[in-house]
Number of protein chains: 2
Amino acid sequence: MSRRDELLQQATDYALEHGLIGLSLRPMAAALGTSDRMLLYHFGSKDALVIAVIDESTRRSSEVLRDLPPAQTVRAGVLRLWEVHTDGQLDRCQHLYEQASASGLLGDEPYRSAVRQSNEIWAVALVDYLTACGATRTGARRVVPLLDAALMGFHLDYGIEADSADLRRGVRDLADAVHRLTE
Amino acid sequence: MSRRDELLQQATDYALEHGLIGLSLRPMAAALGTSDRMLLYHFGSKDALVIAVIDESTRRSSEVLRDLPPAQTVRAGVLRLWEVHTDGQLDRCQHLYEQASASGLLGDEPYRSAVRQSNEIWAVALVDYLTACGATRTGARRVVPLLDAALMGFHLDYGIEADSADLRRGVRDLADAVHRLTE
DNA sequence: AATAAAATGTAGCACTCGCTACATCTGAAG
DNA sequence: CTTCAGATGTAGCGAGTGCTACATTTTATT
């Protein structure tokens, strides 16, 4: 593994823990046991580093989805998806995506492009998982926009305290709706 | 209107246009025809100013919802809600909320508290609108978590190009699901 | 008009930011 | 061993940050 790749792994870990918003090179470099100078040497600029981190985070999260054992039904699959969303690895990746997305809201680069690409990869992974749970491919594709939006919305609204009765019922309602739409 | 209130209105306008992330006092003050010194004098600190701006934005958006003529059915109401979401005033308020929410994801104050309060006010406004569209109060309350999450998710995913076929179908699916759940 | 209080302007402090110039070190090829 | 390119350390630049000290002007009250 090249030095750049090593640093990318560590930088992604750091960003997943500390967030993208307000990220600055010097504290990150210190935590990684290197210097801002080296990060810029290997990545070219802060923007390029941020893009690489977003890409790596997207890669990791879709890998999680690919390795997730399919559920018996689409309804169960959606419930499982939400469980995974609130669980360590994916939770942080989702945070990172949401931060990047919010940062790109007004069209600011590099977030806008990075987020769009990330979103496409994620949508494909979602479709694959739903089909593995028994949905037709067209049905899965049809329902992914709603599913993705609702999952992200739940995650953003209840991000910290992911354990309210309202939330649980909301997720159940979502699972039912998605199930019905893929029949 | 006190000087503070005048400045708050202008500051909110500015934040709605330029975003919360990376907001800094001096450019904002210059655009408002005042100085960072004065903003800090009237609001005490940047954090306090940001909180005030979030509150004002929340007030404006729930006012939009309160003044929105009810639709004939819940389904039509949801479609109307999405239209309003992509339309000038509310669109920007939603952007601001999403930026604040993303900033508070890891628990950072003052965003965390401000966002929670904003979210509660918004949920109440949503319930009121749904009931005005013919939903029962319990039905509306039940479905608001899913509705709010999905609307925000759509907004975040398709924030810039709010005109794709996928998105339109997603919104229609959401409207159907919400309609069914409030019957 | 005198006085207190609120509002504003000026200047700057201490700090962080991304980034760069330049020197140095390391390790493999010739 | 020499050479030379890639990797790293040191130091610092110029700009921007939130915020403050202090003086001054404006406004309202007695």
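Quick caveat: nothing in here was measured; it's all calculated off a predicted structure. Protein chains get the first letters and strands the later ones, always in sequence-line order, with residue 1 at the start of each.
B:Arg116 has no carboxylate O lying under 4.0 Å from a charged side-chain N of B:Glu120, or vice versa, which leaves the two without a salt bridge. Between B:Arg59 and B:Glu56 there is a salt bridge, since a side-chain N of the basic residue sits under 4.0 Å from a carboxylate O of the acidic one. Taking the charged nitrogens against the carboxylate oxygens, B:Glu83 and B:Arg80 do have a contact shorter than 4.0 Å, which makes a salt bridge. The residues B:Arg60 and B:Glu63 are annotated as not salt-bridged, no charged nitrogen and carboxylate oxygen being separated by less than 4.0 angstrom.
On a pure distance criterion of 3.5 Å, no polar donor-acceptor pair joins the side chain of A:Asp36 and the base of C:dC17. With hydrogens and angles ignored, a donor-acceptor pair closer than 3.5 Å exists between the side chain of B:Arg26 and the base of D:dG18.
Ring pair A:Phe154/A:Tyr158 is tilted by interplanar angle, where 30° to 60° counts as tilted.
Between A:Arg37 atom CZ and C:dC19 atom P there is a gap of 12 Å when expressed in whole angstrom units. One can place NE2 of A:His42 at 9 Å from C1' of D:dG6, the figure rounded to the nearest angstrom. Atom C1' of nucleotide C:dA21 and atom CE of A:Met38 are separated by 13 Å, given to the nearest angstrom. For the pair B:Asp47 CG and D:dT17 P, the computed distance is 16 Å after rounding to whole Å. The nearest whole Å value for the distance from the CG atom in A:Leu32 to the P atom in D:dT8 is 13 Å. Going from atom NZ of B:Lys46 over to atom C1' of D:dC19 covers 12 Å, rounded to whole Å. Atom CE of A:Met28 and atom C1' of C:dC17 are 15 Å apart (whole Å). Distance CG (A:Leu39) to P (D:dT8): 11 Å, rounded to an integer number of Å.
Residue A:Ser45 is in sugar-phosphate contact alone, with no base atom involved, counting any heavy-atom pair closer than 4.0 Å across all strands shown. Here A:Arg3 lies in heavy-atom contact (under 4.0 Å) with sugar-phosphate atoms only. Backbone-only contact: B:Leu23 has heavy atoms under 4.0 Å from sugar-phosphate atoms and none from a base. Here B:Leu40 lies in heavy-atom contact (under 4.0 Å) with a base. No contact: B:Leu49 has no heavy atom under 4.0 Å from any strand.
Of the candidate nucleotides D:dT20, D:dG18, D:dT10, D:dG18 has the atom nearest to the side chain of B:Leu25.
Residue A:Tyr41 is the one, among B:Pro27 and A:Tyr41, whose nearest nucleotide of DNA chain D lies closer to the 5' end (criterion: closest heavy atom). Heavy-atom distances to DNA chain C give each of A:Ser24 and B:Gly33 a nearest nucleotide, and the one nearer the 5′ end belongs to B:Gly33.
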